[in-house]
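Here is the naming used below: chain letters follow the sequence lines, and residue numbers restart at 1 for every chain.
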Amino acid sequence: MPELPEVQTVVNQIKPILIHKTVESITPVWPKVFHNFTSEKAQQKIKRGRIIDVSRRAKFIIIKFTENIIAIHLRMTGKLYLLRDHETLSKYTTAYFTLKNGGKLIFDDVRKFGRIYLYKNTGPIDERHGPEPLEKSFTSKILINLIKSKKRNIKALLLDQSMIAGLGNIYADESLWKSKIHPNSLSHKIPKKRIENLYKNIKIILTNAIEQNGTTIIDFSVNGKSGKYTNELKVYGKRDIKCFNCNNHIIKIRVAGRGTYICSKCQKKYK
DNA sequence: AGGCGTTCCTGGGGGC
DNA sequence: TGCCCCCAGGAACGCC
């Protein structure tokens with residue numbers, strides 16, 4: 001399940017290859033993959049468009065053209081990679097971009113949750129997303145204010161993209177474990193000091209994960225290479241394994257409708 | 001306000 | 001071995 005570090009990894013990998021390339025066309029293999037536009041509209045807006053930048057906002061991959069952007073959300077099983085002309089399409093391809101001078105940018109998605117969006121700019125995405133946790137402007141004060149101003153389950157809050165952008169199930173669990181906060185804590189009951197610690201840990205964990213090219217769970221990979229952060233995980237997927245901090249065993253519970261891994265001894269529940 | 005259920009999807013794991 | 005059932009989950013949406 002691609003989260004901020006995995007999406008950033010994809011961007012880092014494809015940006016040098018895509019930048020300044022011209023997109024001849026975008027083809028939907030599975031019709032519903034275009035979320036807010038049609039093939040005709042894509043032809044009209046993107047045809048022979050030159051890619052001027054590739055970046056990330058929240059969990060979206062942003063491909064910038066002169067007048068428009070294409071935003072791609074990988075959701076659970078989406079993959080984006082380059083394919084040479086002689087190579088065959090995977091059975092899971094839901095869309096592809098034909099590049100001028102050869103090659104295709106492939107969007108594969110086994111579960112078909114991933115979508116492609118066409119916008120003028122990132123405005124519509126910015127509107128429904130909170131701050132970027134790795135931006136300098138995202139201060140501990142902002143996180144404290146965010147968490148203290150809500151009376152919510154902390155894990156649900158961290159997963160809510162309109163609160164903070166980019167965290168998903170894996171990094172929310174890892175961040176809460178490292179910060180010794182139980183995911184069923186109520187946000188406004190968490191002490192300021194704990195939130196400051198959580199703030200630091202979110203930054204550390206996301207930064208390290210990007211350096212390791214993300215986490216490979218199920219089948220996220222970039223050009224066949226696995227993300228090495230899988231080796232750094234401390235709680236996610238570690239059911240019955242001994243906690244790195246104490247001798248307690250990691251358990252799996254359900255929080256905010258998600259499978260959640262915790263050390264019930266280390267992580268304090270603020271209620 | 002916020003929690004919860006539902007929807008979208010399909011591979012794969014568990015049970016028998 | 002094979003078949004069926006059900007689960008996993010990010011985000012949007014409706015309901016209470």
### Task
Quick one, give me the B/S/- string for nucleotides 6-11 of chain C, reading 5' to 3', where B means a protein heavy atom under 4.0 Å from the base and S means that only happens at the primed atoms, P, OP1 or OP2.
--BBBB
Side-chain donor/acceptor pairs under 3.5 Å, residues 95-106 of chain A, sequence neighbours excluded:
none

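- Evaluation of the salt bridge (charged side-chain N to carboxylate O under 4.0 Å, His left out) test over residues 156-166 of chain A, restricted to residues two or more places apart or in two chains, returns A:Arg152-A:Asp160.
- To the nearest 0.5 Å, atoms CD (A:Glu174) and CG (A:Leu206) are separated by 11.0 Å.
- Every residue two or more places apart in sequence or in another chain that forms a side chain to side chain contact (heavy atoms under 4.5 Å, CB included) with A:Ala58 is listed here: A:Phe60, A:His129, A:Glu132, A:Ala165.
- Remark: A:Arg57 engages A:Asp126 in a salt bridge, criterion side-chain N to carboxylate O under 4.0 Å.
- Shown here are the side chain to side chain contact (heavy atoms under 4.5 Å, CB included) partners of A:Lys15, two or more places apart in sequence or in another chain: A:Ile19, A:Asp53, A:Val54.
- Ring planes of A:Tyr117 and A:His35: tilted class, angle from 30 to 60°.
- In the helix from B:dG2-C:dC16 to B:dC16-C:dG2, the terminal helix axes, each the rotation mapping four pairs' C1' atoms onto the next four within five end pairs, subtend 50°, rounded to 10°.
- In this structure the side chain of A:Val235 never reaches within 4.5 angstrom of the side chain of A:Ile262, judged on heavy atoms.
- Residues meeting the side chain to side chain contact (heavy atoms under 4.5 Å, CB included) test with A:Ser90, sequence neighbours left out: A:Tyr81, A:Tyr92, A:Thr93, A:Asp108.
- Pairs of residues two or more places apart, or lying in two chains, that qualify as side chain to side chain donor-acceptor pair (under 3.5 Å) and include a residue from residues 243-258 of chain A are A:Asn248-A:Ser264.
- Applying the 4.5 Å side-chain rule to ILVMFWY residues, one finds that A:Leu186 remains a lone member of its cluster.
- Across all strands shown, A:Asn153 has heavy atoms under 4.0 Å from sugar-phosphate atoms exclusively, and none from any base.
- Contact check of residues 30-39 of chain A against DNA chain B (heavy atom, cut-off under 4.0 Å) returns A:Trp30, A:Lys32.
- Taking A:Ser185 as the reference, A:Ile154, A:Ile181, A:His182, A:Ile190, A:Lys269, A:Tyr270 meet the side chain to side chain contact (heavy atoms under 4.5 Å, CB included) condition, with sequence neighbours excluded.
- For DNA chain B, the span of nucleotides reached by chain A at under 4.0 Å from its heavy atoms goes, 5' to 3', from B:dG2 to B:dG11.
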